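What follows is a set of notes on a single structure, which appears directly below.
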There are 2 protein chains.
Amino acid sequence: MSHSEKADYGVVSFLARHVWLGMRAAIEDELTEFGLTVPQFATLLMLDHAPGMSIAEVARACGTTRQAANEMVAGLQAHDLVTRSPHPTDRRAQQLHTTEAGRELFHKALPAVRRREEELEAGLSPQLRSAGREWMLAMAAACVMQEKD
Amino acid sequence: MSHSEKADYGVVSFLARHVWLGMRAAIEDELTEFGLTVPQFATLLMLDHAPGMSIAEVARACGTTRQAANEMVAGLQAHDLVTRSPHPTDRRAQQLHTTEAGRELFHKALPAVRRREEELEAGLSPQLRSAGREWMLAMAAACVMQEKD
DNA sequence: GCAAACTCGTCAGGTTCCTGTCAATCATGG
DNA sequence: CCATGATTGACAGGAACCTGACGAGTTTGC
């Protein structure tokens, strides 16, 4: 009761952390029914919108490292959900593509995740939901600004 | 440029994750000058507002496990920033208290963290900042609701 | 009063992720 | 044209965290 409302007193970062942890637990609960982990789902989300990404690009988009992304993609590859193929022009990089099974599983999992997120936001007004997204987009942009100092 | 603005397309959870990661990197950068890690600072924050908390209470407040909190407190204890003392009534629990050095270090680190957070929010209107907090508080509350199902 | 259920701190084991490094490859500037 | 720097994927090693379990202690319900 008190550990989530006043514990982060005055430190916005920890409030953001609690939101992320809570939402991750929610979508993790949905994804287990599809045999996917949260990072794996994130990778499928990226590859669905931008096929042919490399490991490094996925890592940057997910906010993790190349190694973690590499192991995660290996897991997806073991389940025949994605494929690695040599990049046509860059001989260092590998193109990642979702398989037919990967796309099918992803498009079944995505609605479940979206629905769960909407359930969490059910009690909020459209204005507040929009403002929350606006605030997060602005903060994310401000955070990437500071990285290049 | 594009990896933080459209990558989370439609999935709010990942947007929240990027915000948390960015803000954590920011305050982590400030805390290294004081020799503190982010979880250690979080623990000092909790203990400053509620002295005498137990390990388990700190773990719940920080959104982590008893073991992680235990090891973290051991680190703080090694630097003489907190003390463990037996609980007066509950013989299982241990009371955690900040030492004088712990309070002094914390009250030097807290303004640095606050200032860094304000810098990140510098370009936002007061209304948007307030709305962001309101959205996160509501989401955190909704997430703890779902946990007891 | 007492047994069952719960919570405390702790230990062991395993998983996940990160840092640091490497050869290979691409990009950039003189 | 070529040297320097940056990037990609991979490899080791370690740090941080979690799950599962345990004895000890407390709370709850009958």
Side-chain angles (χ1 to χ4, degrees), chain A residues 1 3 17-18 20-22 24-25 28-29 31-32 35-43 46-47 50 52-78 82-97 147-148, chain B residues 1 3 14 17-18 20-22 24-25 28-29 31-32 35-43 46-47 52-78 82-97 147-148:
Chain A
M1 20 196 71
H3 68 281
R17 175 166 196 261
H18 280 318
W20 156 241
L21 288 179
R24 184 184 63 165
E28 198 167 26
D29 182 52
L31 288 174
T32 47
L36 288 174
T37 67
V38 176
Q40 284 176 343
F41 175 76
T43 301
M46 312 296 170
L47 288 180
M53 291 177 74
S54 67
I55 296 273
E57 286 172 329
V58 169
R60 278 192 295 268
C62 292
T64 179
T65 62
R66 296 192 299 266
Q67 297 70 18
N70 196 9
E71 300 171 4
M72 206 182 43
V73 166
L76 287 171
Q77 199 177 4
V82 303
T83 59
R84 303 163 104 119
S85 54
H87 195 280
T89 66
D90 192 337
R91 278 188 295 176
R92 301 169 301 178
Q94 303 175 352
Q95 277 186 329
L96 297 179
H97 286 281
E147 289 176 358
K148 23 185 175 179
Chain B
M1 22 198 71
H3 67 282
F14 294 151
R17 176 166 194 261
H18 280 319
W20 156 242
L21 288 179
R24 184 184 63 164
E28 199 167 27
D29 183 51
L31 288 174
T32 46
L36 287 173
T37 67
V38 176
Q40 284 176 343
F41 174 77
T43 300
M46 311 296 170
L47 288 180
M53 291 176 74
S54 67
I55 296 273
E57 286 171 330
V58 169
R60 277 193 294 268
C62 291
T64 178
T65 61
R66 296 192 299 267
Q67 297 72 16
N70 195 11
E71 299 171 6
M72 206 182 43
V73 165
L76 288 171
Q77 200 177 4
V82 303
T83 60
R84 303 163 104 118
S85 54
H87 196 281
T89 66
D90 193 337
R91 280 188 293 178
R92 300 169 301 178
Q94 302 176 352
Q95 277 186 328
L96 297 180
H97 286 281
E147 289 176 358
K148 22 185 175 181

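Note that the structure is predicted; figures quoted are calculated from it, not measured. First the proteins, then the strands, lettered A, B, ... as listed; each starts at 1.
The distance from atom CD of E71(B) to atom OG1 of T64(B), rounded to the nearest 0.5 Å, is 9.0 Å.
Residue Q67(B) is in base contact, counting any heavy-atom pair closer than 4.0 Å across all strands shown. Using a 4.0 Å heavy-atom cutoff across all strands shown, T37(A) reaches no nucleic acid atom at all.
The interatomic distance linking L76(B) (CG) with dA16(D) (C1') rounds to 15 Å, in whole Å. Atom CD of E57(B) and atom C1' of dT7(C) are 11 Å apart (whole Å). Between the CD atom of Q40(A) and the P atom of dT15(C) there is a distance of 15 Å, given to the nearest Å. The nearest whole Å value for the distance from the CE atom in M72(B) to the P atom in dA16(D) is 11 Å. Atom-to-atom, CG of L96(B) to P of dG9(C) comes out at 8 Å; the value is rounded to the nearest Å. Separating the CZ atom of R60(A) from the P atom of dC18(C) is a distance of 14 Å, rounded to the nearest angstrom. Here the C1' atom of nucleotide dT7(C) and the CD atom of Q94(B) are 14 Å apart, to the nearest Å. Remark: P of dG9(D) and CD of Q95(A) are 11 Å apart, rounded to the nearest angstrom.
With dA21(D), dG9(D), dG25(D) as the choices, the nucleotide that has an atom nearest any side-chain atom of R91(B) turns out to be dG25(D). When each of dT25(C), dT21(C), dT10(C) is scored by its nearest atom to the side-chain atoms of D90(A), the top-ranked nucleotide is dT25(C). Side chain of A93(B), nearest nucleotide from dG9(C), dC18(C), dT19(D): dG9(C). If you check dA24(D), dG9(C), dT7(D) against the side chain of R92(A), the one that comes closest is dT7(D). Taking every side-chain heavy atom of T65(B) into account, dT19(D) is the closest of dA21(D), dT19(D), dC18(C). Nearest to the side-chain atoms of N70(A) among the listed nucleotides dT8(D), dC17(D), dA10(D) stands dA10(D).
At dA10(D), one or more side-chain N or O atoms of R84(A) fall inside 4.0 Å of OP1 or OP2 (strictly under the cut-off).
Here the closest non-hydrogen pair linking L96(A) and R84(A) is CD2-CG, 3.7 Å.
Comparing A69(A) and T89(A) by the nucleotide of DNA chain C whose heavy atom lies nearest to each, the residue mapping closer to the 5' end is A69(A). Mapping E71(A) and A68(B) onto DNA chain D by nearest heavy atom places E71(A) at the nucleotide closer to the 5' end.
R17(A) places a side-chain N or O within donor-acceptor distance of the main-chain N or O of C62(B), the cut-off being under 3.5 Å. Side-chain N or O atoms of H18(B) include one that pairs as donor or acceptor with a backbone N or O of A61(A) at under 3.5 Å.
The side-chain heavy atoms of P88(B) and Q95(B), taken from C-beta on, include a pair separated by under 4.5 Å.
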